[in-house]
Amino acid sequence: MYVIGVTGGIGSGKSAVLAYLEERYGAFVLRLDDEARALTMPGGGFYPEAVSMLGKEFLRPDGTLDREGVARLIFGDEEAKRRWNARLLPMVRRRTEERLREKRASGVPLFVIESAILLEEKYDAFCNELWYIYADEATRYGRLSSARGYSAERIRRTMAQQLPENRFRARCDVVIDNSGSFDETKRAVDLRMKELERKGSFSGAEDTLE
């Protein structure tokens, strides 16, 4: 099983690249944000502790967490963020390890791990290679403003908390420029997948790699 780590800043278009890897190459994609979200849902392994840490004022009527309220607290209080991450992130890592074992045993040829904090949390230890999904700042602002309705201040604040471009480039093996049309992005992805096929690293979708 070949494991690719996909990372990049908010608004870089990682989700579109992941969807393409799923659709064209049959990749199993693990989005770490989704894993964290599942752990904080009612019945999730972190849910009781999350409620205890935050208080019931952070609960919606249906019992789920008020995610916007939690985000404001976590990003506005370094100590709260430290305590939250110290408990939640190890659980996400254990789930990742479990998924890797399961998919490797079942013969999955391509496993993709995605997270904006892939490097900070040292998920490179699980990966054969790392991809940095790049988009210029103006493109990222435009996407986040139009698609998610984020304010300029929220975008600026979130970007400031993530690694700068030079750090991503220095640590990643492959850079996929997603600033232009997505057809261009797909060609860059296809080129890399063809290289992996030639090297014998990946052979799960030969019919698509002609």
Side-chain angles (χ1 to χ4, degrees), residues 5-19 29-96 99 112-124 130-168 171-172 178-179:
V6 171
T7 191
I10 188 171
S12 60
K14 296 186 296 296
S15 294
V17 173
L18 297 174
V29 175
L30 188 71
R31 299 163 175 83
L32 297 192
D33 277 353
D34 289 349
E35 296 300 305
R37 187 174 296 108
L39 285 164
T40 59
M41 291 292 288
F46 186 59
Y47 178 78
E49 190 169 354
V51 174
S52 176
M53 289 173 64
L54 298 168
K56 292 186 177 180
E57 62 268 26
F58 283 88
L59 290 179
R60 293 194 174 107
D62 64 358
T64 61
L65 292 174
D66 173 7
R67 297 196 177 281
E68 289 191 3
V70 173
R72 285 194 297 271
L73 173 67
I74 298 303
F75 288 113
D77 184 329
E78 281 301 316
E79 177 57 24
K81 181 180 179 181
R82 186 197 64 77
R83 289 190 295 110
W84 180 269
N85 286 343
R87 297 296 299 153
L88 176 59
L89 295 184
M91 292 185 183
V92 174
R93 193 176 188 88
R94 285 195 294 272
R95 283 174 68 102
T96 302
R99 293 294 189 109
V112 178
I113 305 173
E114 181 275 324
S115 176
I117 59 171
L118 201 77
L119 300 175
E120 296 96 316
E121 292 303 312
K122 298 180 173 57
Y123 276 86
D124 54 326
L130 301 178
W131 289 14
Y132 169 41
I133 310 304
Y134 165 79
D136 61 73
E137 194 168 289
T139 298
R140 294 167 65 195
Y141 263 86
R143 288 172 179 165
L144 293 168
S145 177
S146 61
R148 302 193 198 180
Y150 285 7
S151 67
E153 172 56 26
R154 181 174 181 180
I155 296 169
R156 184 202 62 76
R157 186 173 66 247
T158 305
M159 286 185 177
Q161 293 173 338
Q162 297 182 333
L163 290 179
E165 179 186 342
N166 65 329
R167 294 282 299 282
F168 280 119
R171 296 279 303 280
C172 292
N178 195 29
S179 301

Query raised in the report: Measuring from E121:CD to L32:CG, what's the distance to the nearest 0.5 Å?
Result: 9.5 Å
Query raised in the report: Quick one: side chain to side chain donor-acceptor pair (under 3.5 Å) partners of R156, sequence neighbours excluded?
Result: E153
Requested in this report: Answer yes or no: is there a donor N or O on one side and an acceptor on the other, between the side chain of S52 and the main chain of P48, under 3.5 Å?
Outcome: no
Query - Nearest non-hydrogen partners of A135 and G11, listed with the distance - result: CB-O, 4.4 Å
Report task. To the nearest 0.5 Å, tell me how far Y141 OH sits from I155 CD1. Result -> 6.0 Å
Requested in this report: Just do the side chain to side chain contact (heavy atoms under 4.5 Å, CB included) check on L73 and F58 with the steps written out, would you?
Outcome: CA-CA 10 Å; L73 173 67; F58 283 88; 3.9 Å; yes
Query raised in the report: Quick one: side chain to side chain contact (heavy atoms under 4.5 Å, CB included) partners of E68, sequence neighbours excluded?
Result: D66, R72
Query raised in the report: How would you list, by chain and number, every residue that makes a salt bridge (Lys or Arg N to Asp or Glu O under 4.0 Å) with R87, sequence neighbours excluded?
Result: E49
Query raised in the report: What residues, two or more places apart in sequence or in another chain, satisfy salt bridge (Lys or Arg N to Asp or Glu O under 4.0 Å) together with E165?
Result: R169
Requested in this report: Just jot down the ring-ring contact (aromatic ring centres under 6.0 Å, His included) partners of F46, sequence neighbours excluded, or say none.
Outcome: W84
**Report entry** Atom CZ of R67 with >12 non-hydrogen neighbours under 6.0 angstrom
**Finding:** yes
Requested in this report: Determine whether R143 and N178 make a side-chain contact, defined as any pair of heavy atoms from C-beta on separated by less than 4.5 Å.
Outcome: yes
Report summary line: Separation between CG (L130) and CG (D124), nearest 0.5 Å, reads 5.5 Å
**Report entry** Where at least one partner belongs to residues 8-17, residue pairs that pass side chain to side chain donor-acceptor pair (under 3.5 Å), sequence neighbours excluded
**Finding:** none
Query raised in the report: Is any side-chain heavy atom of L65 closer than 4.5 Å to a side-chain heavy atom of R60?
Result: no
Could you give the side-chain donor-acceptor pairs of residues 112-119 under 3.5 Å, partners two or more places apart or in another chain?
unit_1: S115; atom_1: OG; unit_2: I117; atom_2: N; d: 3.0

**Report entry** Student check: side-chain heavy atoms of T7 and I133 closer than 4.5 Å
**Finding:** no
Query - Exercise: identify the closest heavy-atom pair between S179 and T139 - result: O-OG1, 3.9 Å
Query raised in the report: Quick one: side chain to side chain donor-acceptor pair (under 3.5 Å) partners of R95, sequence neighbours excluded?
Result: E35
Query raised in the report: Y47 versus T40: any side-chain heavy-atom pair under 4.5 Å?
Result: no
**Report entry** Atom pair CG (L54) and CD1 (I74), whose distance is rounded to the nearest 0.5 Å
**Finding:** 6.0 Å
**Report entry** With sequence neighbours excluded, residues passing ring-ring contact (aromatic ring centres under 6.0 Å, His included) with Y123
**Finding:** F126
Report summary line: salt bridge (Lys or Arg N to Asp or Glu O under 4.0 Å) filter on D34, not counting sequence neighbours, yields R37
Report summary line: NZ of K122 to CZ of R93, rounded to nearest 0.5 Å, is 8.5 Å
Query - Contact check, side chains of K56 and L59, non-hydrogen atoms, under 4.5 Å - result: yes
Query raised in the report: How would you list, by chain and number, every residue that makes a side chain to side chain donor-acceptor pair (under 3.5 Å) with E79, sequence neighbours excluded?
Result: R82
Report summary line: R31 meets the salt bridge (Lys or Arg N to Asp or Glu O under 4.0 Å) criterion, sequence neighbours left out, with E22
